[in-house]
Amino acid sequence: MKLLILAAGYATRLYPLTENQAKPLLPVAGKPMIDHVIEKFNGCPEIDGIYVVTNNKFTPHFEKWAAAAAGKFEGRPITVFNDGTMTNDDRLGAIGDISFVMQKTGLNDDLIVVAGDNLFSGGLKGYVEAAKTKGLLVGVYDVKNLEEVKKYNSLGLDPDGRINFFEEKSPNPRSTVTAIALYHYPKSSLDLIRQYIAGGNNADQPGRLVQWIYPQQPVYTYEIKGLWLDIGSRETYEEAQSLFV
């Protein structure tokens, strides 16, 4: 099983903080944000490699970080991939970057994908354990606010947690529970990602891949407990600083 960290965005909403620094490398409570993300997978021996996909602008920054972090995350090797983009306008998008790494590695393994700017207060060992039996598995979180959830996506769930409805940025969300950027794709489902990209579909928001897959193949959910923060603004970054200290 491989862990892929999405870190190729340009985070223009956080300028000037991210004008010359990748968002996942910004410090939170004394260490890079990406460290917090990876450490939540400690105690998961199934994960035997870490991939980080970034852009041409920030590749040297991540390579320097990876060299300093060698052996740090339970000895897992870290590989940094440069998707070749230079600006926010020519970015590949999250799904495009997943496909890019799959091509570069010839991936034939289970894959966990997580955004490099998503912070969790609790560990994710339970998520990894569930993924081994559930297959296609999406992390979900209850934001407890119908206005807040409009920024993300709206879900419909069967009693067993299977997705039966998914809509990005719905104006009329069905609940306050939303899918977050935490996905498990078993190797048997990797061809679906290839088909999605080959079909010319939206390669940006990762949730759109789930929206495309769930009518064809069961996609299950795993509720994240504790705190989840999507660092998309100066306000949420400052909130993370205070909470994670």
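Here the structure is a predicted model, which means the values were calculated and not measured. Just so you know, residue 1 is the first one in the sequence shown, and it goes up from there.
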Identify the residue among Lys125, Lys132, Arg76 that makes a salt bridge (charged side-chain N to carboxylate O under 4.0 Å, His left out) with Glu46.
Lys132
Evaluate Lys2 against Asp48 for side chain to side chain contact (heavy atoms under 4.5 Å, CB included), listing each step before the verdict.
CA-CA 6 Å; Lys2 300 297 185 291; Asp48 58 7; 3.0 Å; yes
Kindly say whether [Y] contributes a backbone atom to a donor-acceptor pair with the side chain of [X] at under 3.5 angstrom?
X: His184; Y: Gly135; result: yes
X: Arg13; Y: Gly232; result: yes
X: His61; Y: Leu25; result: no
X: Glu74; Y: Gly43; result: yes
X: Thr18; Y: Ala11; result: yes
X: Asn55; Y: Lys57; result: yes
X: Asn82; Y: Asn56; result: yes

If two hydrophobic side chains count as joined below 4.5 Å and joins carry through other members, does [X] share a cluster with [Y]?
X: Met86; Y: Tyr15; result: no
X: Leu92; Y: Val52; result: no
X: Leu107; Y: Val114; result: no
X: Leu119; Y: Leu3; result: yes
X: Val210; Y: Tyr141; result: no

So do the side chains of [X] and [Y] get within less than 4.5 Å of each other, counting heavy atoms only?
X: Val113; Y: Leu6; value: yes
X: Leu111; Y: Ile98; value: yes
X: Leu182; Y: Val138; value: no

What's the spacing between [X] [atom1] and [Y] [atom2] if we round to 0.5 Å?
X: Phe166; Y: Thr221; atom1: CZ; atom2: OG1; value: 11.5 Å
X: Asn145; Y: Thr176; atom1: CG; atom2: OG1; value: 8.0 Å
X: Asp89; Y: Thr87; atom1: CG; atom2: OG1; value: 4.5 Å
X: Gln241; Y: Glu239; atom1: CD; atom2: CD; value: 11.5 Å
X: Leu26; Y: Ile34; atom1: CG; atom2: CD1; value: 11.5 Å
X: Asp142; Y: Ile224; atom1: CG; atom2: CD1; value: 12.5 Å

Taking all atoms of both residues into account, what is the closest heavy-atom pair of [X] and [Y], and its distance?
X: Thr54; Y: Ala7; answer: OG1-O, 3.0 Å
X: Pro27; Y: Tyr237; answer: O-OH, 2.6 Å
X: Leu136; Y: Ser189; answer: CD2-OG, 3.9 Å
X: Ile78; Y: Ala66; answer: CG2-CB, 3.9 Å
X: Ala240; Y: Ile231; answer: CB-CD1, 3.8 Å
X: Glu167; Y: Pro171; answer: OE2-CD, 4.4 Å

Is [X] atom [atom1] crowded by more than 12 heavy atoms from other residues, nucleotides or ligands, each under 6.0 Å away?
X: Arg194; atom1: CZ; value: yes
X: Lys187; atom1: NZ; value: no
X: Lys225; atom1: NZ; value: no

Before giving the answer on salt bridge (Lys or Arg N to Asp or Glu O under 4.0 Å), spell out for Arg91 and Asp97 the whole-Å C-alpha distance, their side-chain angles and the decisive distance to 0.1 Å.
CA-CA 9 Å; Arg91 69 189 186 277; Asp97 278 316; over 6 Å; no
[X] vs [Y] aromatic rings, parallel, tilted or perpendicular, using cut-offs 30° and 60°?
X: Tyr196; Y: Trp212; value: perpendicular
X: Trp65; Y: Phe62; value: perpendicular
X: Phe81; Y: Phe100; value: perpendicular

Whether Arg234 and Glu238 form a salt bridge (side-chain N of Lys/Arg under 4.0 Å from carboxylate O of Asp/Glu) is what I want to check.
yes
Do Lys72 and Asp35 meet the salt-bridge criterion of a basic N to acidic O distance under 4.0 Å?
yes
Stepwise side chain to side chain contact (heavy atoms under 4.5 Å, CB included) check, Val53 with Ile5
CA-CA 6 Å; Val53 60; Ile5 312 293; over 6 Å; no
Chi angles and distances behind the side chain to side chain contact (heavy atoms under 4.5 Å, CB included) call for Ile180, Phe120:
CA-CA 11 Å; Ile180 64 176; Phe120 308 86; 3.6 Å; yes
Does the gap between the ring centers of Trp228 and Tyr152 come in under 6.0 Å?
yes
Checking Met1 against Ile112 for the side chain to side chain contact (heavy atoms under 4.5 Å, CB included) test, could you report, in this order, the C-alpha distance in whole Å, the side-chain angles of both residues, the deciding distance, and whether it holds?
CA-CA 7 Å; Met1 182 182 287; Ile112 288 180; 3.5 Å; yes
Do Lys134 and Tyr220 form a cation-pi contact, if we require the NZ or CZ to be under 6.0 Å from the six-membered ring centre and within 45 degrees of the ring's axis?
yes
Lys NZ or Arg CZ of Arg174 over Phe165 ring: under 6.0 Å, within 45°:
yes
Checking Asn153 against Thr178: is there a side-chain donor and acceptor pair closer than 3.5 Å?
yes
Do Asp83 and Thr85 have side-chain atoms, one donor and one acceptor, less than 3.5 Å apart?
yes
